[in-house]
**Q** 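Pasting a structure here, questions to come.
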Amino acid sequence: MRSNFTFAENVYDVVRLIPFGRVSTYGAIASYLGAKKSARLVGYAMNNSHQIIPVVPAHRVVNRNGLLTGKHFFGAENEMQRRLELEGIEVKNDCIQQFKKVFWDPTIECAL
DNA sequence: GAGGTGACTGCGA
DNA sequence: CTCGCAGCCACCT
C-alpha cells in the first residue's frame, strides 16, 4: 500500500467524521478501517493528532470502556473532559456517562 | 537492521 | 467478579 499515507491518516479522517455530541472508540475506528485488531494503531495515531490540521476531535475518541484514556495527552488533565461536557456529554471520574447513548460507530452510522 | 513501545481489545484463569 | 496475558501493527531509538 501507499507508505506515503499512514494508517494514522485514515484514523484522523474517521475521527473528524464523528458528529458533534457523539463519541467513538479505538476499536470501532480500527474496525471501520479494516483493522479491528489494530486498535492500538488508532491510539498511537491519535498521539500525533495534536499537530494534524484540521484539528482532530481526539476528545471524542475513548477506549471501549468509555474511559478517557488519552486525557493525559491534552496538555491539561481536565481538558478532554471539559470538551466532552461542552458537547453535552456527561463525564464523571474520567468516564463517559450514558456512553452507549452517545456512542457513534462509523461501521454502522457511516456504513457503505 | 533489530528491538521495544503504545491514547486497545478480547479471552482465559 | 477481577486480574493477567497474548495479539496486533506502525513508529521510535
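Not measured: the values here are computed from a predicted model.
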**Q** Looking at C:dA10, does its base get a donor-acceptor pair with the side chain of A:Tyr44 below 3.5 Å?
**A** no

**Q** Pick from A:Ile96, A:Ile89, A:Leu86, A:Val91: which one makes a side-chain contact (heavy atoms from CB on, under 4.5 Å) with A:Gln81?
**A**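 Answer after filtering A:Ile96, A:Ile89, A:Leu86, A:Val91: A:Val91.
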
**Q** Near DNA chain B, counting only heavy atoms under 4.0 Å, which residues of residues 54-61 of chain A show up?
**A** A:Ala58

**Q** Kindly say whether A:Val61 contributes a backbone atom to a donor-acceptor pair with the side chain of A:Ser24 at under 3.5 angstrom?
**A** no

**Q** Quick one, which residues of residues 82-94 of chain A touch DNA chain B with a heavy atom under 4.0 Å?
**A**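 Heavy-atom cutoff 4.0 Å gives no residues at all.
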
**Q** If you check every side-chain atom of A:Leu41, which of C:dC8, C:dA10, B:dA7 has the closest atom?
**A** C:dA10

**Q** How close or far is atom P of C:dC11 from atom CG of A:Asn10, stated in whole angstroms?
**A** 12 Å

**Q** Please determine if A:Glu79 and A:Arg82 form a salt bridge, counting it only when a charged side-chain N lies under 4.0 Å from a carboxylate O.
**A** yes

**Q** Mind listing the residues from residues 62-71 of chain A sitting with a heavy atom below 4.0 Å of DNA chain B? Number order is fine.
**A** A:Asn63, A:Arg64, A:Thr69, A:Gly70

**Q** Quick test of your reading of the model: are A:Glu87 and A:Arg83 salt-bridged, counting only N-O distances below 4.0 Å?
**A** no

**Q** Between A:Thr6 and C:dC11, does any side-chain N or O lie under 4.0 Å from OP1 or OP2?
**A** yes

**Q** Taking the side chain of A:Thr25 as heavy atoms from C-beta outward, which of B:dT9, C:dA10, B:dA7 is closest to it?
**A** B:dT9

**Q** Determine whether a donor-acceptor pair (N or O, by modelled atom type, separation under 3.5 Å) exists between the side chain of A:Tyr12 and the backbone of A:Ala45.
**A** yes

